[in-house]
Amino acid sequence: MSRDVHIVDAVKTYGDFNAVDHVDIDIQAGELFTLLGPSGCGKTTLLRMIAGFNSIEGGTISFGENVINNIPAHKRNIGMVFQNYAIFPHMSVYDNVAYGLKARKLKKAEIEERVTEALAMVQIENLRDRQPANMSGGQQQRVALARAIVIHPDILLMDEPLSNLDAKLRVQMRTTIKKVQKKLGITTIYVTHDQEEALAISDRIAVMKSGRIQQIGKPKEIYTRPSNEFVANFIGISNILQGEIKENNEGNARISLMNDVNIHMKLKEKEEEKPVKVSVRPEEFRMDDSTKPGIHGKIILKTFLGDYISYEIELTNGQSVEVNQYLKETAREYDAGDTVSLNPMENKINIYDLSGEEALVDEKKQYS
Amino acid sequence: MKRNSIHKGIQLDFWKVVSLILMIILTIFLLYPLITIGYKSLLNTEGQFTLSNYKDFFTLKYYTSALGHSFLVCSIATVFATLVSVPIAYLSSRYNVAWKKALNMIIILSMISPPFIGAYSWILLFGRSGVVTSFLQKIGINMPSIYGFGGIILVFTVKFFPMIYLYVSGALGSMDASLEEAAENLGMSKIRRIMTVTFPLILPTISAAMLMAFMAALADFGTPMLIGEGYKVLPVLIYQQYLSETGGDATMASTLSVIIILCALLVLILQKFIVNRRNYTMSMLRPPAVVCLKGWKRFLVTAVCYLVAFIGILPQLTVLFTSFLKTSGPLFVKEFSLDSYRSIISKLGSSITHTFVYSTVAIIIMIAAGLLIAYLSVRKKNKINTVLDVLVMFPYVIPGAVLGIALLLTFNQKPIYLTGTWFILVLAYVIRKLPYTVRSSSAILYQIDPAIEEASINLGVSPAKTFFKTTAILMIPGVFSGAIMSWITTINELSSSVMLYTSKTATISVSVYTEVIRGHFGTAAALAVILSITSALSVLLFTKLSGGRSITL
Ligand SMILES: Nc1ncnc2c1ncn2[C@@H]1O[C@H](COP(=O)(O)OP(=O)(O)OP(=O)(O)O)[C@@H](O)[C@H]1O
Ligand SMILES: [Mg+2]
């Protein structure tokens with residue numbers, strides 16, 4: 001039975017510092033929800049609060065209607081996959097997977113049946129009687145996953161389950177995880193600090209920083225509409241350029257970009273004339289010959305990356321920006337040493353206030 | 001729902017309850033006796049509060065000289081033992097010494113010899129009427145006396161070098177080869193390589209081993225008692241003082257005890273200060289290469305190693321040999337017989353039973369306590385458990401005789417009257433030998449992933465059950481590698497037993513001691529052989545069962 005999870009104003013304190021700082025999250029039943037953030041931001045801490053290994057110092061966590069704050073870890077019916085797998089080294093693969101079922105005192109025949117089914121689901125039926133000591137990381141990871149899902153948990157938790165695998169296995173395993181999760185429809189909370197992994201696997205993502213939630217949204221929303229400068233920089237790459245709101249008539253604003261170019265965007269009506277930060281992703285620049293209007297710069301480095309070319313460009317003010325040019329849409333290729341003119345795509349870029357905390361664009365009007 | 005919450009309360013507190021129970025037990029049986037002995041040392045014979053005992057100690061030559069003697073012989077012997085063992089450890093771990101396993105086995109066996117068998121055998125060989133002495137006298141050579149200062153140093157050196165050897169060869173064997181290769185690669189000559197890389201890296205181990213040897217020597221009672229004669233050291237003084245004070249309150253014996261504990265603590269703290277600041281964690285990637293010598297060079301290196309090992313095992317060989325000799329009174333006759341064995345079975349059989357029964361009870365308690373205490377101190381770090389850990393380790397620095405006196409002074413009256421019971425012996429064994437088990441148990445616990453337990457709890461098994469189903473099982477090899485040492489030192493234990501035994505509870509080592517004192521050398525030897533063989537078999541059995549895992553010293 002899959003459950004929805006509600007985290008309300010959750011707090012975890014170590015000494016006088018909040019590792020998890022008033023966090024609110026609602027997770028729907030059957031969703032694959034990711035906690036994403038840099039090292040030390042409190043992802044593991046929050047996950048362990050849900051699992052019952054960390055006490056909850058403030059707020060509540062509930063599964064469906066049930067507040068679980070005071071339910072001991074072993075009664076929460078949660079499946080968990082640990083970063084280093086935590087396979088019981090003194091038990092065979094079968095016994096590892098059967099462990100949770102034995103604890104639930106199921107009949108032998110049912111245990112047998114469910115273990116077999118779980119092993120099949122993660123494609124390791126053939127390892128059934130092996131000892132874990134001499135198994136590869138990927139195989140151990142599958143055992144760990146089978147062991148967690150076989151108990152039919154209400155919630156599945158995973159803490160950086162792929163971080164000990166090599167790049168290729170990582171991609172393979174993440175597909176397996178996603179398929180298993182969708183097939184069982186299990187509410188899953190997944191922790192990672194790898195943004196690419198998060199974008200690939202998640203239904204929704206919560207970006208965290210210093211114990212606080214920065215933004216919650218679908219992968220695409222988070223990428224295209226980061227709610228602040230931190231998210232814009234953490235997910236993908238963003239060039240942050242200086243700009244200034246020159247006028248704002250009921251939301252129709254003119255922004256001067258580096259005192260060179262005027263761009264026209266729909267901002268929130270309350271925004272007044274003031275300096276701002278303009279956030280442009282590498283693929284959100286149009287590149288032209290230097291004779292055309294735009295911000296001008298010189299190509300320092302050109303890197304060929306298969307389906308696109310990445311340029312490092314030094315602007316006239318000395319700032320350097322990254323610009324990508326996709327081969328299939330490229331009119332003209334440039335070389336290192338060329339001077340070029342750049343224009344941001346107004347329907348894609350984002351504007352933040354100087355502190356980087358607040359997005360100024362009126363999304364409904366600007367991007368619809 | 002209600003039942004559920006009661007259940008929860010109990011499970012949440014499992015480790016707290018364990019920690020509390022252990023704390024209470026340790027307070028009663030360890031802390032309280034230590035406080036008692038400290039308190040008694042501050043009383044005069046009329047029971048009034050005074051510092052005069054300490055004043056006497058530091059002003060009367062009788063006492064200060066014993067303190068000086070103790071430090072002198074222990075330091076010199078420790079240095080000698082190091083000078084003997086470190087080169088041998090280097091040779092045996094870096095060169096293709098022949099029959100290396102046998103060499104290590106001999107050295108392990110000489111380390112676990114019964115107490116003061118060393119002193120006793122050296123007397124048999126080189127004493128006033130010793131075999132070698134009389135032989136040399138016949139051909140006109142007069143041996144210098146083996147009694148007193150020189151004798152204690154000789155016996156201590158031979159007795160404690162095996163311990164240092166085992167520590168150091170362990171460290172040398174687990175050093176990453178690339179470190180020395182790097183030095184070689186940088187153009188260092190072999191000698192300078194040893195001096196600048198190898199030696200500094202094993203220095204922490206050497207100093208830890210020296211500390212252990214020094215502590216053991218400082219606490220040793222049997223050796224100086226037998227071979228020291230007029231040369232008095234602290235443990236002997238404590239023993240005699242206690243026996244002469246039995247009528248009174250043993251205040252001076254208490255004072256001496258406190259002083260010896262303080263000395264041991266001082267040495268321990270010094271060593272911690274010097275060594276702990278430069279402890280290297282080495283990741284071993286590749287074991288060091290073993291140099292293959294050929295011909296006479298290999299023979300020479302092998303011969304040197306075996307000569308030293310032979311001297312180490314010589315006392316036990318002597319005992320083994322004499323146990324099969326016929327005796328007439330205190331003298332051995334040149335004729336073989338099994339009389340000594342017959343007579344121990346008829347007269348001293350009970351001491352054999354006692355040793356095994358008491359030690360078995362003690363080791364069971366130690367394994368259980370070691371498992372729990374190690375877990376608490378590693379996984380449930382908090383103030384109480386840190387105190388628990390320190391308390392358990394503290395007996396490391398308490399000489400057996402001192403612990404014996406402390407227990408006697410504390411439990412010779414209601415509410416807890418234990419004097420003369422077998423329980424007080426078991427108690428002393430558990431307190432003194434538990435550190436080995438706790439240390440090895442903690443060490444293995446650091447290698448067990450805490451997430452293993454979380455995984456089990458997560459799958460629905462309560463924390464207490466989880467411990468026994470996962471971590472406890474995984475800890476077994478580590479627990480036993482320390483427990484084997486606890487076991488062997490327990491069956492050989494003398495210094496606290498000799499304070500605590502009565503005729504009804506005498507153990508083998510006590511009987512060896514009393515038989516030697518009475519001049520029944522034959523039976524003493526036969527009893528000692530039983531101890532040696534049991535120890536050797538225990539080690540062999542452990543090595544077999546554990547697949548070559550090494551003993552945690
Ligand atoms: N037991 C603890 N005592 C004190 N501070 C802690 C403890 N556990 C975690 N912290 C602190 O809480 C913060 C959050 O830690 P947490 O492990 O949740 O980070 P994380 O987001 O999982 O990072 P990573 O990606 O490196 O795993 C960190 O600053 C960490 O130092
Ligand atoms: Mg983490």
Side-chain angles (χ1 to χ4, degrees), chain A residues 44 47-48 50-55 66 68-91 95-106 118 132-133 140 143-161 164, chain B residues 1-17 371 375 378-383 441 443-481 545-549:
Chain A
T44 299
L47 199 74
R48 291 171 58 86
I50 300 170
F53 298 126
N54 280 349
S55 60
N66 301 342
I68 52 129
N69 286 36
N70 292 320
I71 299 181
H74 65 282
K75 299 230 170 112
R76 291 191 184 185
N77 197 32
I78 291 176
M80 185 154 177
V81 177
F82 293 81
Q83 183 165 5
N84 37 11
Y85 323 132
I87 301 295
F88 304 128
H90 56 306
M91 297 179 196
D95 288 332
N96 260 282
V97 179
Y99 190 88
L101 298 176
K102 286 180 188 157
R104 284 165 175 71
K105 304 217 163 59
L106 296 190
Q140 294 196 33
V143 177
L145 184 58
R147 188 177 67 179
I149 57 173
V150 79
I151 61 170
H152 296 171
D154 291 342
I155 319 281
L156 182 61
L157 306 180
M158 302 198 190
D159 191 355
E160 314 217 12
N164 287 338
Chain B
M1 199 63 218
K2 192 154 181 216
R3 203 181 136 257
N4 199 6
S5 65
I6 293 168
H7 207 44
K8 179 191 87 198
I10 293 167
Q11 274 157 352
L12 270 183
D13 288 338
F14 174 72
W15 287 109
K16 290 216 179 89
V17 171
L371 209 68
Y375 188 87
V378 173
R379 289 284 172 81
K380 304 277 165 185
K381 286 203 169 96
N382 62 30
K383 287 207 184 89
S441 309
I444 196 166
L445 205 44
Y446 280 108
Q447 296 165 15
I448 299 172
D449 183 355
I452 297 268
E453 255 182 56
E454 291 177 354
S456 163
I457 292 172
N458 184 255
L459 290 167
V461 179
S462 70
K465 258 197 192 154
T466 287
F467 172 71
F468 292 106
K469 285 177 93 161
T470 57
T471 310
I473 295 175
L474 295 172
M475 281 173 77
I476 285 175
V479 174
F480 274 87
S481 74
L545 288 183
S546 67
R549 200 185 165 90

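Chain A is the first sequence line, chain B the second, and so forth, proteins listed ahead of strands; every chain is numbered from 1.
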(request) Find the one option among A/G52, A/A51, A/G79 whose heavy-atom pairs under 4.5 Å with chain B are most numerous. (result) A/G79

(request) Return the minimal non-hydrogen interatomic distance between A/R104 and B/L459, and the atom names on each side. (result) NH1-O, 2.6 Å

(request) Pick one of side chain, backbone, both or neither for A/I87, based on which atoms fall under 4.5 Å of a heavy atom in chain B. (result) backbone

(message) So, using salt bridge (Lys or Arg N to Asp or Glu O under 4.0 Å) as the criterion, who are the partners of A/K102 when residues are at least two apart?
(response) A/D95

(request) Find the one option among A/A144, A/A86, A/A148, A/A103 whose heavy-atom pairs under 4.5 Å with chain B are most numerous. (result) A/A86

(message) Need one label for A/I78: side chain, backbone, both or neither, based on atoms under 4.5 Å from any heavy atom in chain B.
(response) both

(request) Under 4.5 Å heavy-atom distance to chain B, tell me which part of A/R147 shows up: side chain, backbone, both or neither. (result) both

(message) If I measure from the heavy atoms of chain A, does B/N458 come under 4.5 Å with its side chain, its backbone, both, or neither?
(response) both

(message) Could you work out, with salt bridge (Lys or Arg N to Asp or Glu O under 4.0 Å) as the rule, every residue matching A/R76, not counting sequence neighbours?
(response) none

(request) Identify the two heavy atoms, one from B/I473 and one from A/H90, that lie closest to each other, and give their separation to 0.1 Å. (result) CG2-CD2, 3.7 Å

(request) Using non-hydrogen atoms and a 4.5 Å limit, figure out which bit of A/F82 sits close to chain B: side chain, backbone, both or neither. (result) side chain

(request) Name the orientation class of the two ring planes belonging to A/F88 and A/Y99 (parallel below 30°, tilted from 30 to 60°, perpendicular beyond 60°). (result) tilted

(request) Check the side chains of B/E453 and B/T471 for a donor-acceptor pair under 3.5 angstrom, ignoring hydrogens and angles. (result) yes

